Each structure stands twice: as structure tokens, then as C-alpha cells.
Amino acid sequence: MEQGLGSDSNHHGPIDKSRVLDVKPLRCLVPVFPNSSQGMSSISTPQPSPFVCVPPSGPFPSGVQPFYPFLSPNDSQNGAQQNQPANFGFGGSIPAPVPLNSFRTPTSHANGVTGRPKRVPKTRAFGSGSAAGDDDVYSDSQNQSDQYTSADMADTTNSGKQRGRPKRGRSGGPGEDFDVELLVNGFLTLFKLKEFDDFRRTNGDKDTVGTILLVFDMLRRRLTQLEESKGVTAGIARRPDLKTCNLLMTKGVRTNNTKRFGHVPGIEVGDIFFFRMELCLVGLHAPSMAGIDYMSVKVTMDEEPLAVSIVSSGGYDDDGNDSDVIIYSGQGGVQRRDGQMFDQKLERGNLALEKSLHRANDVRVVRGIKDIVGNGKIYVYDGVYKIQESWAEKNKSGCNVFKYKLVRVPGQAEAFSIWKSIQQWKDGTATRPGVIIPDLTSGVESLPVALVNDVDGEKGPAHFTYVSALRYSQPFSNNNKPFSGCHCLGGCQPGDTNCLCSHRNDGVLSYSSVGLLYTSKNLVHECGPTCSCPPNCRNRLSQSGVKIRLEVFKTKNRGWGLRSWDPIRAGGFICEFAGDVVKVTDGDFVNANDDDYIFDATRYYEPLELVRDSNKSKKAPFPLVVSGKNNGNVARFMNHSCSPNVYWLPVLRESNNDVFMHIAFFAIRHVPPMQELTYDYGIVMPENGGDGGKKKCLCGSDKCRGYYY
DNA sequence: GGTTGCTCATTAGC
DNA sequence: CGCTAATGAGCAAC
């Protein structure tokens, strides 16, 4: 791996001659098997099923399922059957402020359930309309007394399961005290991964890959939140990514687990990842650490190792001009403890790359890119490459290092190259083609939002005024108890038991330090005007405006749409829905049907459906309707999809007696740059004029309902 | 804000 | 089948 050399010598594209002390070409062979598919016919491993390149929005050929990323309607049945929401620690029946030690798994109880306090009648927080019913989502968590332990959280689906906390690794610190096992089992049941069979374990598809990645990241975020909320840093695992992956692996929840050459079913060129473990789980690149993945194949009589994939870990701004070429360094050569260097040996991955040069087989390439926000890395699947030449050179320490030149197989979808283009648009070294207005917000947002049309001659959408926030003519509701806010002068911190806002979110913060929604709650209490914390408090995420570089663009067949130049992580905040509040309580639906830019929270919405009782599921989730027609922000351009990559969440901000609800949009899964952002518009209930105003849905998903409102 | 140190999980290969 | 060596990311503390 190039990084193992402690040198960035290969990040300068064409070889930096000044650094190369002794370059001697080894060979540059014509491939032995010009037609790689024939050449590989003797490989002992079964060939992968043919790769089908499917755009995210379809259309989907038969056999290719789009990944419906959140929850299927049937899932809500689970919760309904139990007569209790399956909330897994974040659902509808929000635990009230939980003492930190409540996360401890009871050891003295035979069934693992601590004395569950009896439910007390909930009080309605907002006296705002019959639609609220008895739903938990309308309950002020401060008034709730259901103090579930984490065991309770999942026991609706795992009543008979083993209660003993598995002792894992060097556990024993307080960090292991909540029952991870139950948490995982809850997720697996919810996403129907309990009956995961060997076929799906071996052969992925879009749906399977998507579900596994979704579960991975939801679980990872949940574990991060739980560990962080304890406010203890010593003695606990600080790598929730590793822990999550290991949990899933142990349960056999993985796919494409047999190595193969070429594309991996269910993964598209351009897909992005944020952890090496994600690559591992979906079969894109098996080793958890090593940069070269290889397998032994039978060639005529004997076997030889061939490379199947590599992960390069360069920065994308110094990779040279040609984004279709990689100069990759071999692995090894460095003594880990003291960092001492030795010559690399032609073995393992290095040998496999060398052999792959001869055999000319496809090698998958995952580009590691430094994440601008945070210290992490983003992994972009850049499709398959072929190794064109190899050589050895000496590094600074005078040790031999193998170098491999990989060239991208032509005809694949744009992936890494788009990142470089975007970087150039941002730093001004290139102009985004088709730009009509560089910033349609006229400076209202802190980042410009370009208006782009590169498909036809339309010059822009109808006129509207750009506003960055929701405009209320009256508060969403009144709270009987004045809320004076929290006193976190330096911003709300996890594990601070004195933070009033944390208490209102069940004792934990809703957002991570990098602005990710920790869990799929159905309501977030953000800090309000009367809180003492600064504007950059992490509990004010949706108030801080758009932080990603968006553009409004003309779609091929769905009018204007929204997409991002920046990659968006699962759970990442995108924007709120700004506009004029049309309705906050029951009453006649105001001019909604002739407004293409309506946001209607009263609609049936499947992710929320999960945490609802089936009898109540048809009720309007939240009595809020917003029009973005005359005044609005980027959110008004987000199109509907039945397989969305974005969903919304109501966010409450309180000011003395007044409560204001805002609508915040978050990414469901990782969204690569330039992929259209869509959410499920939901279904209009008959009492709100459903069946009227149906529009033909063009989302192209095979889960498409055929229409939307 | 760069650097350093620590630890982790997976798998090839014995 | 069980064990071990090889591999580098991610995070936190400096």
C-alpha cells in the first residue's frame, strides 16, 4: 500500500523524476489473453453474474431491483403485531430522559428486564388538532415516564433471545454495558436480515447491498451515540465502525462474500463509502486493512494469485491530470513498530498485481479521497482498471518499491473524474457548463446554489423569492410550560446530564459532532432562541443553513431537480423546507392542489409508519403544510421518488411558550456527488382530499407506486 | 492543524 | 481446523 511507505511519491501522477533514484522498467507486456473473458475461463472461481449498469432512478431491467432504502410497509406490521413500536432505542415510544446507568444490562434479573415502570397517561404537548390522536410522536418526552432499558427497546422482537451480554474483546469497561446484541437483532429483524440465506450472502443485488449498508450505518451511528452519551472515553471501543462490521459479519450479514473479478453485483460505478468496513461487507474489497485484494486462480496446471481490487489512498487534487490512470505502490516494505523500511518483496498483493499484469484481468479500483469535512476518507468505486506496466524504484530510504500503472477500462460511468471536475468548478479553474445563474439564492445561503440547464433551452423555473427559513404567521403550537432553554454556554455536549435539551431528546443528543443525524427518530428537539448555547451548537443543526454545495438543475423529464456537488453521508443534514406555512391546525386545505411546491406533513409517510400502530397509521403525522411557491429555498426543487435517498424529519424549536416546527431533510444513505436528491412525497389521506390531484410518477423505481401527489 | 501512538478485523497461508 | 502474520484506517491525544 502506498501509504505504508510513508511517502506520497505516487500522488503526483506522472512519476516525480526528482524522487526516482533508480528507475528500471521491469516489463510492459502485451496481455497474454487479449480477451480477458476468455482468458479467465480457466479460473476456478465462478464468474460473476453479468454486471448491469442501472441508473439510480431506473429504468430497471428485469432481475434488477432498486433498493428501497428505508422501510417497507410490511415492516410497520411488525411493530403493530407487537402492539408496541419496534423502536430500537430511537423510535416512536421515546424513552424519557434515561439515567445513564439505565443502559446497563441487568444481570440480576432472570429475563433481563428491569422493573419496567408502568406507563402513565401521556399528555398532549401540542393541542393542535385531532390528527394527533394518541400517537407518541405528539407526546412531550418530558412528560413520558416510560423508562425502557435498552433491553426493553428491542425486546418486542427478541423476547426469547439470549440475555447474556456477549463478552467481546477487551470489553469490561462501562462502554459495553448496553446490550449490543439486542440492538443488532432488532435491526436485523426490522430489515428482514434474519432469514438471510447463502444465496444472497454469495450473490448481491442492489437491494441487498443497500440494506446492508443502511443497517451498517444506522447501527454504527447508534453505537456512536450510545458510547458518546456516556461521556466516558477510557476503556471503551472508540471504533464503532469496526464493532458494527464485526457484529454483522458474525451474524453472516454480508453479501458478495466470494471473491470475483470485475464488477460486483449491486454496486455501481460511482458509489461512495465512508469506511473500509463497508467495502468489506458488500464484497467490493475484502481485506479490512490491506490495499490489495487478490485470490488464487487455476491457470492450466497450477494456481497463481491475481488481484481483484485495490484501494488507493491519495488525495484527489494531486493525482495528476489523468483521472483514468493510477500509479499504485506495492505493499509491504515497512516495519510497523519503528517505521523502519525494507525492500518490498514480490509476494502477496505485489505478486498478484504482477500476475494480473500478465493475465490482463480486470482489477476493481476504489479511490480513497480525503474528506474535506472531518479527518476521514471517502471511498469512491471507480470501476475496473487493467494493469499496464510495472516497475521498481527506490524511495527516499533507498528501499525498493514496486509501482504499478493502472489504466481505466473505457466506457464506464463517470465516477472519480466527476470529483475532479467539481473540485475545479469550486476553485474556479474550470467553469460548470450550462450555468444560468451562479447563485439563485442571491447570497441568502452561505454557499452559492447554481441554476444549471444542460439538457434544453429552458431558462429557469417560475419566479419565486428565495428565503432560508420557514415563515410562520402564528406559532405551530403553544406550550403550557414556558421553556427557558438550556444553559450550555459552550454548546450542548454529549453526556452532559444538566443539558435540558439533551433531556428533551431522551437524554442523548440527536446529532453527531460532524452533523449527522444519529438515529431515525420521529421528532427532534433542537435548541431554541432562549437556549444559552451558541449558534454553532450541534443541537442547532437545521438552523445553521445549507452546508453542502447544491445545484438546481433541469432533469430529463421531471422538470427542475436538486443535487449536490458534495458527497453526502447517510444521516447528513441537507436543508430545511422553507416557505410560507399554509396550515398548522385542522381546517380546510388551502390551495394545495394548484401548488406544485407544497410540502405536506399530513401525508402518510412510510418511514414514520414504522413507529406507528397500524390503526393509527392512516392518520396525518403532523398538521403542517408549507408552500414554497412564492417564497422558498432549495427544498422546493426536490422531486418525488418512490425509492428516495432523502427523508424529512420534524424539528421543534421552542421559544418561551411558543413552539415552532420545522422540516429538516436528511440523507437516507450515502449520496454520491451529482446524484439527484429525492424524497417520498407521501400519500394524501382521503380526509385531506386524497385521490384528487394524483400525478403520474416518473421516478422509474420498480417499487414505484405509479403516481404521486 | 500536523504528528504520533494505539488498536482494531479480516484473511491468506501455514 | 486452528493459529499467526500481514496489512493500514480511524481516532484521540499530543
Side-chain angles (χ1 to χ4, degrees), chain A residues 1-8 10 44-45 168-173 175-176 216-217 220-221 223-224 227-228 231-254 256-259 273-297 303-315 328-342 344-353 355 366-379 402 494 512-514 516 569:
Chain A
M1 193 70 211
E2 59 238 83
Q3 281 219 330
L5 302 167
S7 139
D8 59 353
N10 64 328
S44 59
T45 304
R168 297 185 1 80
R170 55 190 182 89
S171 71
E176 297 291 322
F216 170 84
D217 208 66
R220 186 192 63 80
R221 278 179 274 156
L223 290 179
T224 306
E227 298 202 332
E228 183 189 72
V232 185
T233 54
I236 64 171
R238 286 168 295 188
R239 291 288 301 273
D241 58 320
L242 297 184
K243 189 180 205 164
T244 306
C245 178
N246 186 244
L247 285 165
L248 295 178
M249 284 270 186
T250 306
K251 307 228 171 250
V253 178
R254 57 185 303 184
N256 296 316
N257 69 346
T258 53
K259 295 191 179 183
F273 307 85
F274 287 79
F275 293 92
R276 284 288 300 261
M277 288 311 184
E278 292 177 313
L279 309 178
C280 199
L281 281 170
V282 298
L284 192 59
H285 186 84
S288 59
M289 300 165 84
I292 305 168
D293 193 8
Y294 60 97
M295 63 192 264
S296 197
V297 297
E303 300 207 332
E304 67 182 31
L306 291 182
V308 294
S309 61
I310 63 159
V311 178
S312 86
S313 39
Y328 191 80
S329 302
Q331 63 187 187
V334 70
Q335 198 80 2
R336 312 230 135 254
R337 276 307 173 105
D338 51 14
Q340 196 188 339
M341 296 221 43
F342 301 92
Q344 288 188 347
K345 296 195 190 98
L346 196 58
E347 58 183 24
R348 304 174 191 280
N350 299 343
L351 181 60
L353 286 171
K355 297 284 187 187
V366 178
R367 300 265 197 165
I369 297 174
K370 277 179 229 133
D371 195 355
I372 301 133
V373 287
N375 302 321
K377 227 177 246 178
I378 305 172
Y379 299 95
F402 293 109
S512 83
S513 56
V514 292
L516 299 183
R569 291 180 71 159

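Here is the naming used below: chain letters follow the sequence lines, and residue numbers restart at 1 for every chain. Owing to the predicted nature of the structure, the values given are computational and were not obtained by experimental measurement.
- Taking both residues in full, the closest heavy atoms of A/C280 and A/A286 are given as SG-O, 2.9 Å, listed atom of the first, atom of the second, then distance.
- Regarding contacts with the backbone of C/dT7, every side-chain N or O of A/Y294 stays at 4.0 angstrom or more from both OP1 and OP2.
- Counting all heavy atoms, side chain and backbone alike, A/Y294 lies closest to A/G349 at CE2-N, 3.6 Å.
- Between A/K259 and the phosphate of B/dA12, there is a side-chain N or O to OP1/OP2 separation shorter than 4.0 Å.
- Of the candidates B/dA9, B/dT11, C/dA9, the closest approach to any side-chain atom of A/Y379 belongs to C/dA9.
- Per the geometry, CZ belonging to A/R239 stands 15 Å off P belonging to C/dA13, to the nearest Å.
- When each of B/dT11, C/dT7, C/dA9 is scored by its nearest atom to the side-chain atoms of A/A286, the top-ranked nucleotide is B/dT11.
- Although no hydrogens or angles enter the test, the distance criterion places a donor-acceptor pair under 3.5 Å between the side chain of A/Y328 and the main chain of A/V311.
- Taking atom CG on A/D217 and atom P on C/dG10, their separation rounds to 13 Å, with Å as the unit.
- The pair A/E227-A/K243 meets the salt-bridge criterion, since a charged nitrogen lies less than 4.0 angstrom from a carboxylate oxygen.
- Proximity of a side-chain donor or acceptor of A/R276 to a complementary backbone N or O of A/M289 within less than 3.5 Å is detected.
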- [ ] Test side chain to side chain contact (heavy atoms under 4.5 Å, CB included) on A/D371 and A/K377 and set out the steps.
- [x] CA-CA 5 Å; A/D371 195 355; A/K377 227 177 246 178; 5.8 Å; no
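- Residue A/D241 is classed as a sugar-phosphate contact, given heavy-atom separations below 4.0 Å to backbone atoms only.
- In this structure, A/F216 atom CZ and C/dG10 atom C1' are separated by 12 Å, rounded to whole Å.
- Distances shorter than 4.0 Å separate none of the side-chain N or O atoms of A/R276 from OP1 or OP2 on B/dT11.
- Picking from B/dT10, C/dT7, C/dC11 the nucleotide with the shortest atom distance to the side chain of A/C280 gives B/dT10.
- When the P atom of B/dA9 is taken as reference, atom CZ of A/R254 falls 15 Å away, rounded to whole Å.
- Computed from coordinates, the A/I292 CD1 to B/dG13 P distance equals 13 Å when rounded to whole Å.
- Between the CZ atom of A/R220 and the P atom of C/dA9 there is a distance of 17 Å, rounded to whole Å.
- Counting to the nearest Å, the P atom of C/dG10 and the CZ atom of A/F273 are 13 Å from each other.
- If you find the closest nucleotide of DNA chain C to A/F275 and to A/E347, the one lying nearer the 5' end belongs to A/E347.
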TODO: Under the side chain to side chain contact (heavy atoms under 4.5 Å, CB included) rule, what do A/F273 and A/V282 come out as? Steps first, then yes or no, please.
DONE: CA-CA 11 Å; A/F273 307 85; A/V282 298; 4.2 Å; yes
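- When rounded to the nearest whole Å, the span between CD of A/E303 and C1' of B/dC14 equals 15 Å.
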Nucleotide N/O of nucleotides 2-6 of chain C paired with protein N/O under 3.5 Å:
none

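- Proximity of A/S296 to the phosphate of B/dA12: no side-chain N or O atom is located under 4.0 Å from OP1 or OP2.
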